[in-house]
S.K.: 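Here it is, the structure, as structure tokens.
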Amino acid sequence: MPSAAVVYVHGLWMNGVESIGLRRRLARQRDLLPQVFAYSSRHSPLTQILCGLRDTIAAIEAPQVHLIGHSLGGLVIQRCLERYPVARPGRVVFIGAPVAGSRAARHLARRRWGRRLLGAACAQELLTEHPQRWDVGRELGIIAGTTPLGLARLLMSFQEPNDGVVAVSETRLTGASEFLTVPNTHSGMLWSTRVARDAGSFLEYGCFGR
């Protein structure tokens with residue numbers, strides 16, 4: 001049995017396959033058992049998604065269960081832990097997660113085709129401006145990208161550092177233990193050796209750069 005498991009929660013329009021590089025590096029660099037929580041980000045009700053993540057965590061046989069959320073996956077993790085506290089210890093890492101709400105999603109939702117693309121499942125989490133506070137009893141490390149290349153740039157112009165989809169300011173949460181910016185795009189962070197190294201460091205030690 002590994003010393004800890006780590007559950008990766010993907011973002012909008014994804015299914016977890018995009019995290020294969022990150023998961024392989026975590027398994028190789030750390031004594032971790034990575035797995036994916038897959039869900040329908042456009043069609044499944046949020047309550048169903050949260051129950052599914054809760055049950056996935058409960059079914060894991062490991063002394064520690066860590067969580068990594070990319071983009072919308074960070075919001076899913078936060079809402080799940082707020083509603084269903086987990087007894088087993090573990091840490092959380094958010095990668096490019098618009099925890100304060102997504103201006104790009106709100107911009108997209110102004111168009112009828114954009115609302116169809118977002119779907120009804122988790123769109124409200126992205127469209128709503130949330131209080132920027134982390135208070136679920138687990139250490140949280142946040143990684144944000146600063147290379148402004150992404151689909152959102154086709155729809156709007158950011159006037160601040162961003163990863164092409166999410167602004168750095170949208171990823172900040174009061175109560176987080178660590179915050180790190182890296183020179184990567186929104187999706188590029190999942191393929192970054194540095195991001196994998198720092199995410200693994202935080203999960204193991206509670207800080208980046210170890």
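One-based numbering along the sequence shown.
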S.K.: Can you give the donor-acceptor pairs under 3.5 Å from side chains of residues 134-146 to other protein atoms, not counting sequence neighbours?
M.R.:
residue: Trp134; atom: NE1; partner: Arg138; partner atom: O; Å: 2.6
residue: Arg138; atom: NH1; partner: Val65; partner atom: O; Å: 2.9
residue: Arg138; atom: NH1; partner: Gly90; partner atom: O; Å: 3.4
residue: Arg138; atom: NH2; partner: Arg88; partner atom: O; Å: 2.4
residue: Glu139; atom: OE1; partner: Arg91; partner atom: NE; Å: 2.7
residue: Glu139; atom: OE1; partner: Arg91; partner atom: NH2; Å: 3.3
residue: Thr146; atom: OG1; partner: Val182; partner atom: O; Å: 3.1

S.K.: For residues Leu118 and Ala109, report the shortest heavy-atom separation together with the two atoms involved.
M.R.: CD1-CB, 3.9 Å
S.K.: With sequence neighbours excluded, what pairs up with Ser187 under the side-chain contact (heavy atoms from CB on, under 4.5 Å) test?
M.R.: none
S.K.: Looking at every non-hydrogen atom in both residues, tell me the closest pair between Ile60 and Ala5 and how far apart they are.
M.R.: CG2-CB, 3.6 Å
S.K.: Would you mind reporting whether Leu203 and Val6 have side-chain heavy atoms less than 4.5 Å apart?
M.R.: yes
S.K.: Starting at OG1 of Thr185, measure out to CG of Asp163 and round the result to the nearest 0.5 Å.
M.R.: 7.0 Å
S.K.: Do Glu18 and Asn15 make a side-chain contact, defined as non-hydrogen atoms from C-beta onward lying under 4.5 Å apart?
M.R.: yes
S.K.: Sequence neighbours left out, what pairs pass side-chain hydrogen bond (donor to acceptor under 3.5 Å, both in side chains) with at least one residue falling in residues 170-183?
M.R.: Arg103-Glu170
S.K.: Please check if the side chain of Trp191 supplies one atom and the backbone of Ile20 the other of a donor-acceptor pair under 3.5 Å.
M.R.: no
S.K.: Check whether any side-chain heavy atom of Phe179 sits under 4.5 Å from a side-chain heavy atom of Leu173, and report yes or no.
M.R.: no
S.K.: As a quick check of understanding, evaluate side chain to side chain contact (heavy atoms under 4.5 Å, CB included) for Phe37 and Ile49, giving each step before the final call.
M.R.: CA-CA 10 Å; Phe37 170 68; Ile49 294 169; 4.0 Å; yes
S.K.: Can you tell me how far CD of Glu61 sits from CG of Leu33, rounded to the nearest 0.5 angstrom?
M.R.: 11.0 Å
S.K.: Who are the side-chain contact (heavy atoms from CB on, under 4.5 Å) partners of Ser19, not counting sequence neighbours?
M.R.: Tyr8, Arg23, Val36
S.K.: Can you say whether the rings of Phe208 and Phe202 are parallel (under 30°), tilted (30 to 60°) or perpendicular (over 60°)?
M.R.: tilted
S.K.: Under the rule for salt bridge (Lys or Arg N to Asp or Glu O under 4.0 Å), what residues qualify as partners of Arg79, not counting sequence neighbours?
M.R.: Glu82, Glu125
S.K.: With sequence neighbours left out, write down each residue that passes salt bridge (Lys or Arg N to Asp or Glu O under 4.0 Å) with Arg194, or none if nothing qualifies.
M.R.: Asp198
S.K.: Atom CG of Leu26 and atom CZ of Arg197: how far apart are they, to the nearest 0.5 Å?
M.R.: 12.0 Å
S.K.: Rounded to the nearest 0.5 Å, how far apart are SG of Cys207 and CG of Leu180?
M.R.: 11.5 Å
S.K.: Hey, any chance Tyr205 and Phe94 share a hydrophobic cluster, counting ILVMFWY side chains that come within less than 4.5 Å of each other, even indirectly?
M.R.: no
S.K.: Minimum heavy-atom separation for Gly11 to Ser71, with atom names?
M.R.: CA-CB, 4.2 Å
S.K.: Please enumerate all residues that pass salt bridge (Lys or Arg N to Asp or Glu O under 4.0 Å) together with Glu204, with sequence neighbours excluded.
M.R.: Arg30
S.K.: Is a side-chain donor or acceptor of Thr56 paired with a backbone partner of Gly52 at a separation under 3.5 angstrom?
M.R.: yes
S.K.: Between Pro63 and Pro89, what is the shortest heavy-atom contact and its length?
M.R.: O-CD, 3.6 Å
S.K.: Report yes if some heavy atom in the side chain of Val86 is under 4.5 Å from a heavy atom in the side chain of Leu81; otherwise report no.
M.R.: yes
S.K.: Gln159: what forms a side-chain contact (heavy atoms from CB on, under 4.5 Å) with it, not counting sequence neighbours?
M.R.: Ser157
S.K.: Provide the closest heavy-atom pair for Ala100 versus Gln132 in the form atom of the first, atom of the second, distance.
M.R.: CB-NE2, 3.3 Å
S.K.: To check you understand the geometry: which heavy-atom pair defines the closest contact between Ala167 and Asn162, and what is its length?
M.R.: CA-CB, 3.7 Å
S.K.: When rounded to the nearest 0.5 angstrom, what is the spacing between OG in Ser169 and CZ in Phe158?
M.R.: 9.0 Å
S.K.: Step by step, would you call Asn184 with Val195 a side chain to side chain contact (heavy atoms under 4.5 Å, CB included)?
M.R.: CA-CA 9 Å; Asn184 295 103; Val195 168; 4.2 Å; yes
S.K.: Does Leu75 form a side chain to side chain contact (heavy atoms under 4.5 Å, CB included) with Leu72? I'd like the steps, not just the answer.
M.R.: CA-CA 5 Å; Leu75 284 161; Leu72 174 63; 4.0 Å; yes
S.K.: Let me see the working for Leu22 and Ile95 under side chain to side chain contact (heavy atoms under 4.5 Å, CB included), right down to the final yes or no.
M.R.: CA-CA 11 Å; Leu22 172 65; Ile95 300 174; 4.1 Å; yes
S.K.: For Arg110, give me all partners under side-chain contact (heavy atoms from CB on, under 4.5 Å), at least two apart in sequence or on another chain.
M.R.: His107
S.K.: Taking the side chain as every heavy atom from C-beta outward, state whether His66 and Leu32 have any pair of such atoms under 4.5 Å apart.
M.R.: yes
S.K.: Please check: side-chain N/O of Gln78 versus main-chain N/O of Val76, any donor-acceptor pairing under 3.5 Å?
M.R.: no
S.K.: Say you draw a straight line from SG of Cys80 to CG of Leu50; how long is it, rounded to the nearest 0.5 Å?
M.R.: 5.5 Å
S.K.: Of all residues at least two apart in sequence or in a different chain, which pass the ring pair (Phe, Tyr, Trp, His ring centres under 6.0 Å) check with His186?
M.R.: His70
S.K.: Step through it carefully: locate the ring centre of Tyr39, locate the ring centre of His10, and say whether they are under 6.0 Å apart.
M.R.: yes
